[in-house]
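The block underneath contains the structure these notes are about, expressed in C-alpha cells.
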Amino acid sequence: MRIPAASCLTALIVMFAFLSSAARAAEGDVASAHDFTFTAIEGDSLPFAQFAGKAVLVVNTASQCGFTPQYAELADLWARYRDKGLMVLAVPSNDFGGQEPGNEAEIKEFCEVNYGFDFPMTDKEHVKGADAHPFYKWAASHFGPLSKPRWNFHKYLVAPDGQLAGWFSTITSPTSDKVVRAIEAQLKNADRSSVSAR
C-alpha cells in the first residue's frame with residue numbers, strides 16, 4: 001500500500017515540530033509554557049499551546065498522599081472558574097514517597113470514582129531531578145530553587161500568554177484566598193487582552 005506524499009509530509013512536519021520543541025526546552029530557549037508538550041493520561045499528545053488564552057494551574061498529584069483530598073478542592077476550583085478561562089492540569093507523579101504507584105488506567109479510574117472531575121490529566125511524569133519533564137525544569141529555572149516541587153500537590157500558575165505567574169507550595173490549598181486571588185488576576189488580564197485585541 002502506498003502512503004500519500006501529503007501524509008508523509010504532514011507526519012514529518014509534526015515530528016520536526018515536536019523535536020524542535022524538545023531541543024528548545026533542553027537548551028533553555030523557551031519563550032513560554034506554550035512551547036511544551038505533555039502526553040495525556042489517555043495516551044494522546046497534550047500540547048500546552050492548546051491552553052493559550054487561559055490561566056492554567058499545573059499541579060503534580062498523587063493518589064495515596066495525605067494531600068490527595070486537594071483533588072476535591074481542585075475540582076471545586078475548576079467548576080467555579082472553567083467558564084471564565086481557567087484550566088486545571090493534573091500531572092501524576094510518583095516522585096515523592098512512592099505515593100502514585102499505579103499505572104495511568106488505575107490513576108484515571110481512582111480520580112473518576114473518588115472525585116469525578118473532568119479536567120485534563122497527563123501521564124505519569126517526573127517533576128524533579130534530571131528526569132523531570134522539561135516544563136518542570138523550565139519552571140524551576142524561572143523562579144529559582146525554592147519554587148521546585150518538594151512534595152505532591154505543588155502548584156504552578158501559568159498566565160494566559162504562557163508566562164509563569166506564580167507558584168504555591170503543597171500546603172497551600174487550591175481554594176485558599178491566595179490562590180484564588182492570583183487566578184482571578186490572571187483571568188482579568190485575559191479579559192483585558194481579549195478586549196484590546198478586538
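Treat the numbers as computed from the prediction; the structure is a model and nothing was measured.
Taking all atoms of both residues into account, the shortest heavy-atom contact from Cys65 to Trp151 is SG-NE1, 3.4 Å. In plain terms, the two heavy atoms of Met121 and Cys111 that are nearest each other are CE-SG, 3.7 Å. The nearest pair of heavy atoms linking Ser93 to Val127 is OG-CG2, 3.9 Å. In terms of heavy atoms, Ala132 sits closest to Tyr136 at CB-CB, 4.4 Å. Ala33 and Phe48 make their closest contact through O-CB, 3.2 Å (heavy atoms, listed as atom of the first residue, atom of the second, distance). Contact detail for Phe51 and Pro120: the closest heavy-atom pair is CZ-CG, 4.3 Å.
Residues Leu57 and Trp78 form no side-chain contact, since every pair of their non-hydrogen atoms from C-beta on lies 4.5 Å or further apart.
Listed for the Asp44 side chain is no donor-acceptor partner under 3.5 Å among the backbone atoms of Ala40. Remark: side-chain polar atoms of Gln186 are not paired, donor with acceptor, to backbone N or O of Ile183 under 3.5 angstrom.
With salt bridges taken as basic N to acidic carboxylate O contacts below 4.0 Å, none links Glu184 and Lys84.
Remark: Leu46 CG to Phe36 CZ distance equals 13.5 Å, nearest 0.5 Å. Thr61 contributes atom OG1, which lies 7.0 Å from atom CD1 of Ile107 (distance to the nearest 0.5 angstrom). Rounding to the nearest 0.5 Å places NZ of Lys148 at 10.5 Å from NZ of Lys137. Here the CD-CD1 distance, from Glu109 to Ile41, works out to 11.0 Å after rounding to the nearest 0.5 Å. Once rounded to the nearest 0.5 Å, the distance linking CZ of Arg150 with CG of Asp95 reads 13.5 Å. A distance of 6.0 Å separates CG in Asn60 from CZ in Phe96, rounded to the nearest 0.5 Å.
A continuous path of ILVMFWY side-chain contacts below 4.5 Å connects Leu146 to Phe143, so both sit in one hydrophobic cluster.
Residues passing the side chain to side chain donor-acceptor pair (under 3.5 Å) test with Glu125, sequence neighbours excluded: none. Taking His133 as the reference, Phe38 meet the ring-ring contact (aromatic ring centres under 6.0 Å, His included) condition, with sequence neighbours excluded. When the side chain to side chain donor-acceptor pair (under 3.5 Å) test is applied to Arg82, the partners found at least two apart in sequence or on another chain are Asp118. With sequence neighbours left out, His142 forms a side chain to side chain donor-acceptor pair (under 3.5 Å) with no residue at all. Residues that satisfy the ring-ring contact (aromatic ring centres under 6.0 Å, His included) test with Phe117, not counting sequence neighbours, are Tyr71, Phe119.
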Could you pull out all donor-acceptor pairs under 3.5 Å where a side-chain atom in residues 152-161 meets a protein atom, sequence neighbours excluded?
from	atom 1	to	atom 2	distance (Å)
Asn152	ND2	Gln99	OE1	2.8
His154	NE2	Ser147	O	2.8
Lys155	NZ	Gln70	OE1	3.1
Lys155	NZ	Phe153	O	2.5
Lys155	NZ	Ser169	O	3.2
Lys155	NZ	Thr170	O	3.4
Lys155	NZ	Thr172	O	2.9
Tyr156	OH	Ser147	O	2.7
Asp161	OD1	Gln163	N	3.0

| Working for side-chain contact (heavy atoms from CB on, under 4.5 Å), residues Asp35 and Trp138 | CA-CA 11 Å; Asp35 290 328; Trp138 173 72; over 6 Å; no
